[in-house]
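Keep in mind it's a predicted model, so treat the numbers as computed, not measured.
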Amino acid sequence: MDAQEVFKAFVIELSDGNPGCMMFVIQALHETPERAVTALQRAQLYDLKGSRLYMLWNDCCNRNTKIAVNILLEESMRDIRRHVSGGYGMPFENYVPVGIRAKWEGPEEEEKKE
């Protein structure tokens, strides 16, 4: 198996048939290759793949690849799983900018803060 085949197998295994997850994995490896490899290997080790890995990137991080990679590297897997355990991933307060949090929370939540 050559390097290209190993890469394809890695992406396919992590994606678990989820095209959004595949997009995240490829984008992460393109944007921050060294950090992404370590982060994605950790996800693989803890069996965080497919729809759950996609939820982390899409729902929890608003498709911010660098934030998703940082979370995979810095947060406990237990906390990550807690954020992606429902039908919709919950944002990580420490990583997501306030403006994006307001977008996720909706206008009614934003008004309560004022």
Novice: Decide whether Leu72 and Met55 are clustered together by the hydrophobic rule: side chain heavy atoms of Ile, Leu, Val, Met, Phe, Trp, Tyr closer than 4.5 Å, transitively.
Specialist: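 Cluster IDs for Leu72 and Met55 match.
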Novice: Grab the two heavy atoms, one from Cys21 and one from Asn18, that are nearest each other, plus how far apart they are.
Specialist: N-OD1, 2.9 Å
Novice: Side chains of residues 27-34: which donor-acceptor partners sit under 3.5 Å, not counting sequence neighbours?
Specialist:
from  : atom 1 : to    : atom 2 : distance (Å)
Gln27 : NE2    : Glu31 : OE2    : 3.0
Gln27 : NE2    : Thr65 : OG1    : 2.9

Novice: Between Arg35 and Leu73, is there a side-chain heavy-atom distance shorter than 4.5 Å?
Specialist: yes
Novice: As an exercise, state the distance from OH of Tyr46 to CD1 of Ile80, rounded to the nearest 0.5 Å.
Specialist: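 Output value for this atom pair is 9.5 Å.
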Novice: What heavy-atom pair brings Ser15 and Met22 nearest, and what distance separates the two atoms?
Specialist: OG-CA, 3.1 Å
Novice: Say you draw a straight line from CD of Glu75 to CZ of Arg82; how long is it, rounded to the nearest 0.5 Å?
Specialist: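 One gets 9.0 Å once the value is rounded to the nearest 0.5 Å.
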Novice: As an exercise, state the distance from CG of Leu45 to CD of Gln41, rounded to the nearest 0.5 Å.
Specialist: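 Leu45 CG to Gln41 CD: 9.0 Å, rounded to 0.5 Å.
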Novice: Starting at SG of Cys61, measure out to NZ of Lys66 and round the result to the nearest 0.5 Å.
Specialist: 13.5 Å
Novice: List the steps and the verdict of side-chain contact (heavy atoms from CB on, under 4.5 Å) for Leu53 and Leu14.
Specialist: CA-CA 8 Å; Leu53 192 54; Leu14 275 174; 4.2 Å; yes
Novice: Roughly how far apart are Cys60 SG and Ile71 CD1, rounded to 0.5 Å?
Specialist: 7.0 Å
Novice: Just grab all the salt bridge (Lys or Arg N to Asp or Glu O under 4.0 Å) pairs involving residues 36-55, residues at least two apart or on different chains.
Specialist: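 Matches after skipping sequence neighbours: Asp47-Lys49.
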Novice: Val69, Val37: one ILVMFWY side-chain cluster at the under-4.5 Å cut-off?
Specialist: no
Novice: Counting distance only, does the side-chain N/O of His83 pair as donor-acceptor with the main-chain N or O of Gly89 below 3.5 Å?
Specialist: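 Between the backbone of Gly89 and the side chain of His83 there is no qualifying donor-acceptor contact (under 3.5 Å).
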Novice: Would you tabulate the side-chain donor-acceptor contacts of residues 1-12 under 3.5 Å, counting partners in other chains and residues two or more places apart, or write 'none'?
Specialist:
from : atom 1 : to   : atom 2 : distance (Å)
Asp2 : OD1    : Gln4 : N      : 3.4
Asp2 : OD1    : Glu5 : N      : 2.9
Glu5 : OE1    : Asp2 : N      : 3.4

Novice: Test Asp16 against Tyr54 for side-chain contact (heavy atoms from CB on, under 4.5 Å), laying out the working first.
Specialist: CA-CA 10 Å; Asp16 198 33; Tyr54 173 73; over 6 Å; no
Novice: Would you indicate whether the side-chain heavy atoms of Met23 and Trp57 approach each other to under 4.5 Å?
Specialist: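 With C-beta onward as the side chain, the pair touches.
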Novice: What's the spacing between Tyr88 OH and Asp59 CG if we round to 0.5 Å?
Specialist: 4.5 Å
Novice: Please check if the number of heavy atoms outside Met90 that lie under 6.0 Å from its CE is greater than 12.
Specialist: no
Novice: With no hydrogens and no angle check, is any side-chain donor or acceptor of Asn62 less than 3.5 Å from a backbone partner on Asn64?
Specialist: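 Not confirmed, Asn62 side chain does not pair with Asn64 backbone.
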